[in-house]
Q: 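Here it is, the structure in full.
Atoms considered below: every heavy atom in the structure, side chains included; atoms not considered: hydrogens, waters and symmetry mates.
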Amino acid sequence: MSSRTSPAGRPIVIRRAVAGDAKRLTRLVRRSGAYEGKYAAAVEGYRVGQDYIEAHRTFVAAEAEEPGGRILGFYALVLAPPELDLLFVADDAQGRGIGRRLVAHMRSEARAAGLDRVRIVSHRPAEGFYDRVGAVRTGTVRAHPPAMPWDQPEFELRIPSE
């Protein structure tokens, strides 16, 4: 299966998220296998709202261009200060290049916005992924309980000009 198709073999498109995607994005975050066990508290009650989607450059990888297609993953880019705020890929869609495609798309969006770097505060289980897509470890964000009871790796993703 190529990275251009979904787990069901359908073509994948990356499109701007719309307000109607909010509930599905929230479900994708809350059901993430990366947030099971001791990590569950970090996403319990988490909500991706319509206001969030409208305030940030939020894009989805979906099985269809129209909003009704299954969402396989998404990201949100905050421009000021530049940060990849969220990046999630559905558990059953991982390992198929969707996360890499979302990062490549985010790089294009960041470049178009005139950014030369993007900060990423990662979830520990995603640390290897960010390393593989070229982000450079810059430090550690210390725990701030109760919201985040563990330290998080911090990365920087450089955005080369074309």
Q: Do the side chains of F59 and F74 get nearer than 4.5 Å, heavy atoms only?
A: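 The answer is no, as the side chains (C-beta and beyond) never meet within the 4.5 Å cut-off.
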Q: Taking 4.0 angstrom as the limit, do E44 and R30 come out as a salt bridge?
A: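 Judged by the 4.0 Å cut-off on N to carboxylate O distance, E44 and R30 do not form a salt bridge.
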Q: Are any non-hydrogen side-chain atoms of L86 and L25 less than 4.5 angstrom apart?
A: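 No, side chains not in contact.
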Q: Walk me through it: do R119 and V141 pass the test side chain to side chain contact (heavy atoms under 4.5 Å, CB included)?
A: CA-CA 12 Å; R119 177 180 186 237; V141 174; 3.5 Å; yes
Q: Between T140 and R142, is any pair of side-chain heavy atoms under 4.5 Å apart?
A: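 They are in contact (side-chain heavy atoms under 4.5 Å apart), so the answer is yes.
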Q: Say whether Y52 and D85, considering side chains only, have a donor N or O and an acceptor N or O under 3.5 Å apart.
A: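 Yes.
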Q: Kindly indicate whether the side chain of L77, heavy atoms from C-beta on, has any atom under 4.5 Å from the side chain of T58.
A: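 Counting from C-beta outward, L77 and T58 never come under 4.5 Å.
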Q: Would R15 and D21 pass as an ion pair if we require N to O under 4.0 Å?
A: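 Salt bridge between R15 and D21, a charged N being under 4.0 Å from a carboxylate O: yes.
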Q: After noting the C-alpha distance and the side-chain angles of H105 and R101, does the key distance pass the side chain to side chain contact (heavy atoms under 4.5 Å, CB included) rule?
A: CA-CA 6 Å; H105 190 275; R101 286 186 63 196; over 6 Å; no
Q: Fit a plane to each ring of H123 and Y35, take the angle between them on a 0 to 90° scale, and name the class: parallel (under 30°), tilted (30 to 60°) or perpendicular (over 60°).
A: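 Taking Y35 first and then H123, their aromatic rings lie parallel (interplane angle under 30°).
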Q: Go through it in stages, so that I can follow the logic: the residues are L157 and R117, the test is side chain to side chain contact (heavy atoms under 4.5 Å, CB included), and I'd like the CA-CA distance, side-chain angles, deciding distance and then a yes or no.
A: CA-CA 5 Å; L157 187 64; R117 65 193 74 220; over 6 Å; no
Q: Do D91 and S32 have side chains that approach each other closer than 4.5 Å (heavy atoms only, starting at C-beta)?
A: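 Counting from C-beta outward, D91 and S32 do come under 4.5 Å.
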Q: Determine whether Q152 and R124 make a side-chain contact, defined as any pair of heavy atoms from C-beta on separated by less than 4.5 Å.
A: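 No; the side chains remain at least 4.5 Å from each other.
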Q: Would you call P125 and Y39 a side-chain contact if the rule is heavy atoms closer than 4.5 Å?
A: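 P125 reaches Y39 side chain to side chain.
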Q: Does the pair R137/E156 count as a salt bridge with the N-to-O cut at 4.0 Å?
A: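 No, R137 and E156 are not salt-bridged.
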Q: Could you measure the distance from the CG atom of L72 to the CZ atom of R96? Nearest 0.5 Å is fine.
A: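 Nearest 0.5 Å value for the CG-CZ distance: 9.5 Å.
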